[in-house]
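Here the structure comes first, spelled out in structure tokens, and everything after it is commentary.
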Amino acid sequence: MGSHTKSKGPAATNLMNQNTHIETAVSKHSEQARVAYRRCLIASINCTKFLLRQGLSFCGNDESATSSNRGNYLQLLQFLADNDEKVKEVVLENAPGNLKLVAPSIQKDIVNACAGETLDVIVSGLKDRFFSILVDEARDISVKEQMAMVLRYVDDSGHVIERFVGVQHVTDTTSSSLKDAIDIFFSSNGLSFSKLRGQGYDGASNMRGELNGLKTKILREQPCAYYVHCFAHQLQLALVAVAKKNIDIASFFTTTNSVVNHVGASCKRRDALRAQLQEELVVAFENDCLITGLAILGLTNDVSQALQKKDQEIVNAMALVKSCKEKLHWMRNNGFDALVEEVSSFCDKHHIDVPNMDEAFVLQGRSRRNAPIKTNRHHYRVELFIYVIDEQLTELDDRFNELLRVAQFYPQDFSDGDLLALEDQLELYIHYVCSSSDFSNLQGIGDLAKKMVETKMHRAFNYVYLLITLALVLPVATASVERAFSVMNIIKGPLRNKMGDQWLSDSLLVYVEKDVFDCIENEAIMLRFQNMKPRRGQL
């Protein structure tokens with residue numbers, strides 16, 4: 001007996017149609033809600049990106065609807081709404097009450113998403129490369145000790161890259177606390193000490209201590225992470241050491257400091273000094289006699305500026321120090337008369353009395369009958385000029401001599417077989433470079449690395465290129481870290497001294513590494529923001 005199916009009645013058909021219409025309406029409403037939420041989130045991200053790039057604050061003192069200034073974030077969002085009808089439809093008062101995306105917690109999450117994406121790009125740039133770390137610590141405006149870190153590596157094009165990766169609040173500045181902070185950063189970002197080939201700090205005892213310093217703790221874990229004392233700091237310490245050893249030089253710096261304080265304390269004195277300097281510069285330009293620097297300070301200042309370049313490498317840095325010492329040697333033997341002539345010209349121009357260099361004098365406190373008689377020339381040339389340069393040269397030799405020991409092979413990176421292959425490659429490499437016009441007029445091993453990648457020679461001479469990159473990875477100066485601390489005064493100033501540690505680190509990272517941040521799409525930021533925690537809105 002065949003089965004019999006009853007036909008559906010009108011009531012059942014109407015019910016099915018109603019359910020279909022309801023499902024369609026719900027689906028359409030959900031899609032509209034997703035589009036609105038997405039548009040609102042993009043507007044919020046755009047506001048956040050603008051404020052981060054400019055280093056501006058987000059919140060205002062009064063963010064109520066009746067306030068004339070609701071803070072940078074809300075005011076900028078209102079500006080976007082006033083100039084874009086589509087944005088206006090989904091933000092502020094037109095957004096659902098629980099999805100306005102203007103709460104401080106939401107702002108911090110968006111900033112954290114921006115910083116997270118930026119840091120991911122930086123860390124991914126390392127890939128499996130060798131790298132170095134540069135670390136320093138300083139107090140912020142709220143008297144919190146912050147540790148900043150920079151990573152240095154060589155990219156696919158042979159360029160030396162230094163990237164700031166954030167600051168971390170440390171309760172104290174002991175080497176153990178700093179090492180723990182570095183361990184946490186390495187672990188959370190998938191970095192390995194096995195790839196660490198250099199560490200650069202200042203000369204503080206907690207950094208370079210031979211027994212329990214940060215340098216020593218890292219060397220115990222990675223013996224090939226060679227420590228380099230910041231070149232710029234060493235140069236400065238050499239000058240300080242000379243100033244402390246000579247009474248006349250110490251007196252000079254004390255007087256100079258007093259003059260700076262005296263002039264800097266008064267706006268009128270500053271304006272008068274600027275006006276006088278401007279007049280002198282105009283006359284100097286007209287007469288083509290502009291003096292750009294004198295003696296030791298002029299030479300060392302040029303070297304200091306060169307050492308603080310981001311892409312400076314250790315071989316060129318050592319060459320700069322060597323060149324500075326050679327110039328000091330030349331000045332010691334030949335530069336006194338030229339210096340006296342410049343000083344006399346300056347004093348005559350400003351109506352300052354100049355002592356007669358050939359005039360004899362008796363040393364103070366001695367009897368005229370038995371005391372040795374000296375001339376001004378002997379005093380200034382031998383007891384001051386030559387003495388100071390000799391002391392400066394001694395300090396430079398003592399402080400930079402230790403770096404010569406760094407120029408050695410890395411046992412973890414070159415096996416016995418690799419060393420034999422390297423020796424064979426070097427012979428062919430030297431012959432090739434000497435016979436190729438592509439490698440002429442290069443300015444150091446930094447240019448050499450870039451030219452090898454450009455000509456594909458880094459593949460043919462892979463061991464030679466590895467040796468070059470290991471030398472380039474070694475840090476030279478901690479200027480990148482110190483520049484980050486200077487930026488910290490912009491991000492966390494007197495009016496923003498209550499910033500949380502994570503908020504500060506995220507804002508500082510994005511601000512310093514603008515070029516990386518600019519390449520990040522809104523879509524990536526949205527996805528990270530959405531995946532941080534459960535959200536009411538859905539993309």
Side-chain angles (χ1 to χ4, degrees), residues 49 52-53 55 111-138 146-168 178 181-202 218 222 225 228 230 232 307-314 446 449-450 453 469-488 490-491 502 504-521 524-525 528:
K49 292 174 73 173
L52 287 174
R53 291 193 80 262
V111 170
N112 186 252
C114 292
E117 289 298 316
T118 303
L119 184 58
D120 281 355
V121 172
I122 292 173
V123 174
S124 64
L126 280 173
K127 296 180 180 177
D128 201 30
R129 309 178 195 279
F130 296 121
F131 67 96
S132 294
I133 57 171
L134 294 89
V135 176
D136 202 354
E137 77 277 348
Q146 303 286 353
M147 186 194 79
M149 187 188 305
V150 169
L151 303 181
R152 178 185 174 101
Y153 63 95
V154 179
D155 68 5
D156 289 333
S157 301
H159 292 81
V160 177
I161 305 295
E162 287 188 357
R163 293 295 185 192
F164 173 75
V165 292
V167 296
Q168 184 170 343
L178 299 179
I182 293 173
D183 288 340
I184 292 172
F185 176 81
F186 273 40
S187 176
S188 60
N189 290 279
L191 298 178
S192 172
F193 277 98
S194 65
K195 292 296 181 180
L196 188 63
R197 291 297 179 272
Q199 42 181 330
Y201 321 123
D202 59 19
I218 291 180
Q222 175 48 268
V228 179
C230 172
L307 291 175
Q308 295 180 50
K309 293 181 178 178
K310 276 188 174 182
D311 58 349
Q312 189 61 267
E313 37 87 5
I314 197 151
K450 289 181 279 190
V453 174
T469 55
L470 286 170
L472 288 174
V473 160
L474 285 174
V476 174
T478 58
S480 297
V481 186
E482 292 170 357
R483 279 190 284 264
F485 282 134
S486 297
V487 172
M488 186 169 66
I490 299 174
I491 302 298
Q502 189 64 51
L504 170 62
S505 182
D506 292 342
S507 301
L508 192 58
L509 171 62
V510 173
Y511 186 87
V512 173
E513 298 298 341
K514 290 187 181 77
D515 57 334
V516 178
F517 181 51
D518 288 342
C519 300
I520 298 174
E521 299 292 338
I525 298 173
R528 180 180 284 266

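Reckoned from all heavy atoms, side chains included, excluding hydrogens, waters and symmetry mates. All values reported here derive from a predicted model rather than from experimental measurement.
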- Task: Could you tell me the separation between the CD atom of Gln312 and the CG atom of Leu307, rounded to the nearest 0.5 Å?
- Result: 6.0 Å
- Ion pair check, Asp518 and Lys49, cut-off under 4.0 Å: no
- Message: Just verifying a value: how many Å separate Asn112 CG and Asp506 CG, rounded to the nearest 0.5 Å?
- Response: 4.5 Å
- Can you find a pair of side-chain heavy atoms, one from Leu126 and one from Leu191, that are under 4.5 Å apart? yes
- Message: Looking at every heavy atom in both Leu472 and Gly158, which two are closest together, and how far apart are they?
- Response: CD1-O, 4.5 Å
- Message: For the CG atom of Asp136 and the OH atom of Tyr201, what is their distance to the nearest 0.5 Å?
- Response: 11.0 Å
- State yes or no: are the ring centers of Phe517 and Phe164 separated by less than 6.0 Å? no
- Message: With rounding to the nearest 0.5 angstrom, report the CD to CD distance, Gln222 to Gln199.
- Response: 9.5 Å
- Would you call Leu52 and Ser507 a side-chain contact if the rule is heavy atoms closer than 4.5 Å? yes
- Query: Roughly how far, to the nearest 0.5 Å, is the CZ atom of Arg528 from the CD1 atom of Ile520?
  - Reply: 8.5 Å
- Message: Given 3.5 Å as the limit, does a donor-acceptor pair link the side chain of Thr118 with the main chain of Cys114, or not?
- Response: yes
- Which value, rounded to the nearest 0.5 Å, describes the distance between Ile184 atom CD1 and Asn189 atom CG? 11.5 Å
- Item | Trace of the side chain to side chain contact (heavy atoms under 4.5 Å, CB included) decision for Ile218 with Ile133 | CA-CA 11 Å; Ile218 291 180; Ile133 57 171; 3.8 Å; yes
- Check Arg129 against Tyr153 and note the closest heavy-atom contact, atom names and distance. CD-CD1, 3.7 Å
- Give the C-alpha distance, both sets of side-chain angles, the deciding distance and a yes or no for side chain to side chain contact (heavy atoms under 4.5 Å, CB included) between Leu119 and Val123. CA-CA 6 Å; Leu119 184 58; Val123 174; 4.1 Å; yes
- For the residue pair Leu474 and Leu470, establish whether any side-chain heavy-atom pair is separated by less than 4.5 Å. no
- Message: Check Asp155 with Arg163, please: is the shortest side-chain N to carboxylate O separation under 4.0 Å?
- Response: no
- Query: Do side-chain atoms of Ser157 reach the backbone of His159 as a donor and acceptor pair under 3.5 angstrom?
  - Reply: no
- Message: Before you tell me yes or no, could you show the steps for Asp128 and Lys195 under side chain to side chain contact (heavy atoms under 4.5 Å, CB included), namely the whole-Å CA-CA distance, both residues' side-chain angles and the distance that decides it to 0.1 Å?
- Response: CA-CA 8 Å; Asp128 201 30; Lys195 292 296 181 180; 3.2 Å; yes
- Query: Given side chains that start at C-beta, do those of Gln146 and Met488 come closer than 4.5 Å, heavy atoms only?
  - Reply: yes
- Item | Closest non-hydrogen atom pair between Asp515 and Cys519, with its separation | O-SG, 3.3 Å
- Item | Sub-4.5 Å side-chain heavy-atom contact between Val453 and Asp156 | no
- Task: Evaluate the criterion side chain to side chain contact (heavy atoms under 4.5 Å, CB included) for residue pair Phe131 and Val154; output intermediate values, then yes/no.
- Result: CA-CA 8 Å; Phe131 67 96; Val154 179; over 6 Å; no
- Task: Indicate, with yes or no, if the rings of Phe193 and Phe186 have centres closer together than 6.0 Å.
- Result: yes
- Mind checking what makes salt bridge (charged side-chain N to carboxylate O under 4.0 Å, His left out) contact with Arg197, not counting sequence neighbours? Asp413
- Item | Listed partners of Glu162 passing side chain to side chain donor-acceptor pair (under 3.5 Å), at least two apart | Arg152, Ser480
- Task: Evaluate the side-chain proximity of Phe185 to Met149: yes if any heavy-atom separation is below 4.5 Å, no if none is.
- Result: yes
